[in-house]
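Here's the structure, in structure tokens; my notes come after.
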Amino acid sequence: MDQFSRETFLNSLAQTTDAPYLIAVEKAEGIYLYSPEGKRYTDLVSGIGVSNIGHRHPVVVQAIKDQLDKHLHVMVYGEYIQATPNLLAAKLTSLLPPSLNCCYFVNSGTEANEGALKLAKRYTGRTEIVSFRKSYHGSTHGSMSVSGNEVKKQAFRPLLPDVRFIHFNMPGELDAITTQTACVIVETIQGDAGVRVPDKAYMKALRKRCDETGALLILDEIQCGMGRTGTLFAFEQFGIVPDILTVAKAFGGGLPIGAFVANRTLMKSLTHDPMLGHITTFGGNPVCCAAALATLQVIEDEKLLEGVEAKGELFETLLKHPRIKEVRRIGLLFAIDFDSAEFVSRIVEEAKKLGIICYWFLSHPYSFRIAPPLTIAPEEIEESCVGILKAIDNASR
Ligand code: PMP
């Protein structure tokens, strides 16, 4: 059988769109993907926010191999003492403010948010959740309930009750957060809304309102965390600390792992009333934890955060084209706006022909995203920008 059969892909694997991207990938290394025919693609989207340290980073691959030689899954979450979850929890909390000192490992972003929402309800004894228009928090029922895209939710109701939506970065609406509110869940930088960076004063006002009302603040850094914005976590740039932080995507360096992180007094509430308040079979899988631990080490050892802003600026300087309407950027996370969704699709297709992967956003069709591995070199940025500008020209014809 042709391993890369398009027919099998289209018929035996569930499809979620009528227009999948449809390149075949045999190998990936650094910022590049390679097709079975040897065509090289520059991955400017990091597999949607995952490959922040590049594909198959050798340190991550080695850590995975080392763990494979010890043990794979041995028990459900939270029962046996295993080295890699222990080391990962110690490392992650050492990089966070002291109040965020306890980690719960899960398997994905949406699960991290599910856990965070449950923890907030359990700890506060309240039911109401405040979220934001245009937000994206995942595709399972709870995370979808607090996501802002109405079109995506319509067919799946009823969803969670007691969710109120306010506009992002609008201080006048913070009054919606009250003493009834269990938690506010918010992306520090709205990603799939097309990279919306809030004002620092707004984030401080949001933190203050949560403090005044006793609502817990959940920051979803699943897309904007892990160095993407130039600091390990984006909230560091806003002078606030969440009550619960959620991470996933790039956290695992290419393996599936997420986490919700909080203070241990909060987290303790999952041990009683009911006991086993949140459980998972595979959360904290030792191989995934080994990969995540190695990823944090790579970010530190290679001083990847230091280069992010300059690389972002280089992209911004080089990406000048009369068809570009607006560029929104923080660190190495970009939304490039054009005047129609149809034109964006043409650019994405033209870029693909040129071996460059850019991609659209879930809730903002007039833009494409650029979020390359943080390891991208200046020459590779230059080469990529030449390709993107050519793709825009080609799409304009
Ligand atoms: N939160 C944010 C901000 C995200 O960008 C995503 C994924 N795009 C998720 C949550 C959900 O993550 P996952 O797909 O791993 O469930």
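Position 1 is the first residue of the sequence; numbering continues from there. Nothing here was measured: the structure is a model prediction, and the numbers come from that model. Just so you know, ligand 1 is whichever comes first in the structure, and atom 1 is the first atom listed for that ligand.
Under the 30°/60° scheme for interplanar angles, the aromatic rings of Tyr104 and Tyr77 are found to lie parallel. Aromatic ring orientation, Tyr32 versus Tyr34: tilted (interplanar angle from 30° to 60°).
With hydrogens left out, the protein atom closest to atom 16 (O) of ligand 1 is Thr110 N, 2.8 Å, a heavy atom. Closest to atom 5 (O) of ligand 1, if we only count protein heavy atoms, is Gln223 NE2, 2.7 Å. Among protein heavy atoms, atom 1 (N) of ligand 1 sits closest to Asp220 OD2, 2.7 Å.
Neither the backbone nor the side chain of Leu362 comes within 4.0 Å of ligand 1, counting heavy atoms alone. Heavy atoms of Asn113 found under 4.0 angstrom from ligand 1 belong exclusively to the side chain. If you look at Lys249 next to ligand 1, the close heavy atoms, those under 4.0 Å, all belong to the side chain.
Set against the non-hydrogen atoms of Glu187, the atoms of ligand 1 under 4.0 Å away are 3 (C). Near Asp192, the atoms of ligand 1 lying under 4.0 angstrom from a non-hydrogen atom of the residue are 5 (O), 8 (N).
Across Gly191, Gly109, Gly258, heavy-atom proximity to atom 12 (O) of ligand 1 is greatest for Gly109.
With sequence neighbours excluded, the residues that form a salt bridge (Lys or Arg N to Asp or Glu O under 4.0 Å) with Glu300 are Lys91. Checked against side-chain contact (heavy atoms from CB on, under 4.5 Å), Ala395 has the following partners two or more places apart in sequence or in another chain: Phe343, Arg346, Ile347, Glu350.
With ring centers used as reference points, Phe338 lies under 6.0 Å from Phe368.
Side-chain atoms of Ile166 and Phe132, non-hydrogen and from C-beta on, do get closer than 4.5 Å to each other. Side-chain contact between Cys183 and Leu217 is absent, with no heavy-atom pair separated by less than 4.5 Å.
For atom 14 (O) of ligand 1, the protein comes within 4.0 Å by no heavy atom at all.
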